[in-house]
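What follows is a single structure, written as structure tokens, with notes after it.
First listed ligand is number 1; within each ligand, the first listed atom is number 1. Residue numbers run from 1 in the order of the sequence given.
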Amino acid sequence: MIKLAPSILGADFGHLEEEIKKTDESGCDWIHLDIMDGHLVPNISFGPAIIKYVRSKSDLFLDSHLMISNPEKYLEVYAEAGSDLIVIHYEIEHDKIPLLKKIRKLGKKAGISINPHTPFEAVEDIIEYCDLILIMTVHPGFAGQKFMRQVVPKIRQAREFIDSNNLDIEIEVDGGVSLKTAQKVIDAGADILVAGSAFYKSGDYSEFTQKMKELAGKS
Ligand code: DX5
Ligand code: ZN
């Protein structure tokens, strides 16, 4: 069954408590938290205090997507704030394996994210240290960008690699996922869909979630 992870970055932060409540009650599966440092990506979002706040308002699985250059400094902080999964970027300049091991040591699931222009082969050797691969279908930094359909073959490639090697690794897809683009992502083999703008601009979060699940049923 496909999981839906709304990205809280698309929510109305002026009414965050209500937004979290409505997200929680929508029937979605996870909450996706986009942490940006203005260095690895050209935007700054929020930090651990928001994760802590979301944690205090929802029991949903919290998926922290760290778009930061120096995750090694902050892994404990993001773990303690209440993340269930911590995803780091392949594109950072540090060794990824020790970081992934550390995330697991902290008792959290570990994920690696790859940008649209990073080939899947780049992570083949480190994927065994991951519980999840996050495939970006926009250049990370902002919500509301156009889905890059040229990334779809990479999702399929990841699915084939994981299945043929019998690996227990989930595939999450993030960026521009909407009711219009989701079918391609689902058919290519994604397990988790992140939706920011499409979810929060839908007006009815439960209906959006239900429609997404119906699309998944069609594949
Ligand atoms: C982009 C973020 C995404 C984004 C999703 O850097 O990682 O999670 O918030 O938003 P939409 O669905 O609007 O592309
Ligand atoms: Zn994200």
**Q.** Enumerated ligand 1 atoms positioned under 4.0 Å from heavy atoms of Ala195
**A.** 12 (O)
**Q.** Heteroatoms of the protein, restricted to N/O/S, which lie under 2.8 Å from the Zn ion (ligand 2)
**A.** His32 NE2, Asp34 OD1, His65 ND1, Asp174 OD2
Q: Pick whichever of Gly141, Ser7, Ser197 has a heavy atom sitting closest to atom 13 (O) of ligand 1.
A: Ser197
Q) Going by the order shown, which atoms of ligand 1 are within less than 4.0 Å of some heavy atom of Gly176? A) 11 (P), 12 (O), 14 (O)
Q | Numbered atoms of ligand 1 (with element) below 4.0 Å of Pro140, judged on heavy atoms | A | 6 (O)
**Q.** Top protein contact for atom 2 (C) of ligand 1, by heavy-atom distance
**A.** Asp34 OD1, 3.4 Å
Q. Would you find a donor on one side and an acceptor on the other, under 3.5 Å apart, between the side chain of Asp84 and the backbone of Leu62?
A. yes
**Q.** Of Val194, Asp174, Val151, Val173, the residue whose pairing with Val185 passes side-chain contact (heavy atoms from CB on, under 4.5 Å)
**A.** Val173
Q: Establish whether Leu40 and Tyr78 are linked, either directly or via other cluster members, by ILVMFWY side-chain heavy-atom contacts under 4.5 Å.
A: yes
Q. For ligand 1, is there an atom lying under 4.0 Å from some heavy atom of Gly144?
A. yes
(Q) Can you name the atoms of ligand 1, numbered from 1 with element, that are less than 4.0 Å from a heavy atom of Met36? (A) 6 (O)
Q.
Within ligand 1, which atoms have a heavy atom of His65 less than 4.0 Å away?
A. 7 (O)
Q) Same cluster or not: are Phe61 and Leu193 linked, directly or through other Ile, Leu, Val, Met, Phe, Trp or Tyr residues, by side-chain heavy atoms under 4.5 angstrom apart? A) no
**Q.** Nearest-neighbour protein heavy atom for atom 1 (C) of ligand 1, which is reported as residue plus atom name and distance
**A.** Phe142 O, 3.6 Å
Q | Check against side-chain hydrogen bond (donor to acceptor under 3.5 Å, both in side chains), Ser7 and Tyr200 | A | CA-CA 9 Å; Ser7 163; Tyr200 285 102; over 6 Å; no
Q.
Check the orientation of Phe199 and Phe208. Use parallel for under 30°, tilted for 30 to 60°, and perpendicular for over 60°.
A. perpendicular
Q) With Leu9, which of His32, His65, Met36 fulfils side-chain contact (heavy atoms from CB on, under 4.5 Å)? A) Met36
Q | Protein residue, atom and distance nearest to atom 3 (C) of ligand 1, heavy-atom basis | A | Asp174 OD1, 2.9 Å
Q) Near His32, which atoms of ligand 1 are under 4.0 Å from a heavy atom of that residue? A) 8 (O)
Q: Taking only heavy atoms of Met67 into account, list the atoms of ligand 1 that are under 4.0 Å away from them.
A: 6 (O), 7 (O)
Q.
With the threshold set at under 4.0 angstrom, would you say Met136 reaches ligand 1 through any of its heavy atoms?
A. yes
**Q.** Asp125 CG: over 12 foreign heavy atoms closer than 6.0 Å
**A.** no
Q) Does the pair Tyr205 and Glu25 meet the rule for a side-chain hydrogen bond (donor to acceptor under 3.5 Å, both in side chains), with working shown? A) CA-CA 8 Å; Tyr205 304 163; Glu25 289 169 354; over 6 Å; no
Q: Check each of Lys213, Lys211, Glu207, Met212 against Thr209 using the side-chain contact (heavy atoms from CB on, under 4.5 Å) test, and report the only one that passes.
A: Lys213
Q) Take atom CG in Asp12; do more than 12 heavy atoms of anything else shown fall under 6.0 Å from it? A) yes
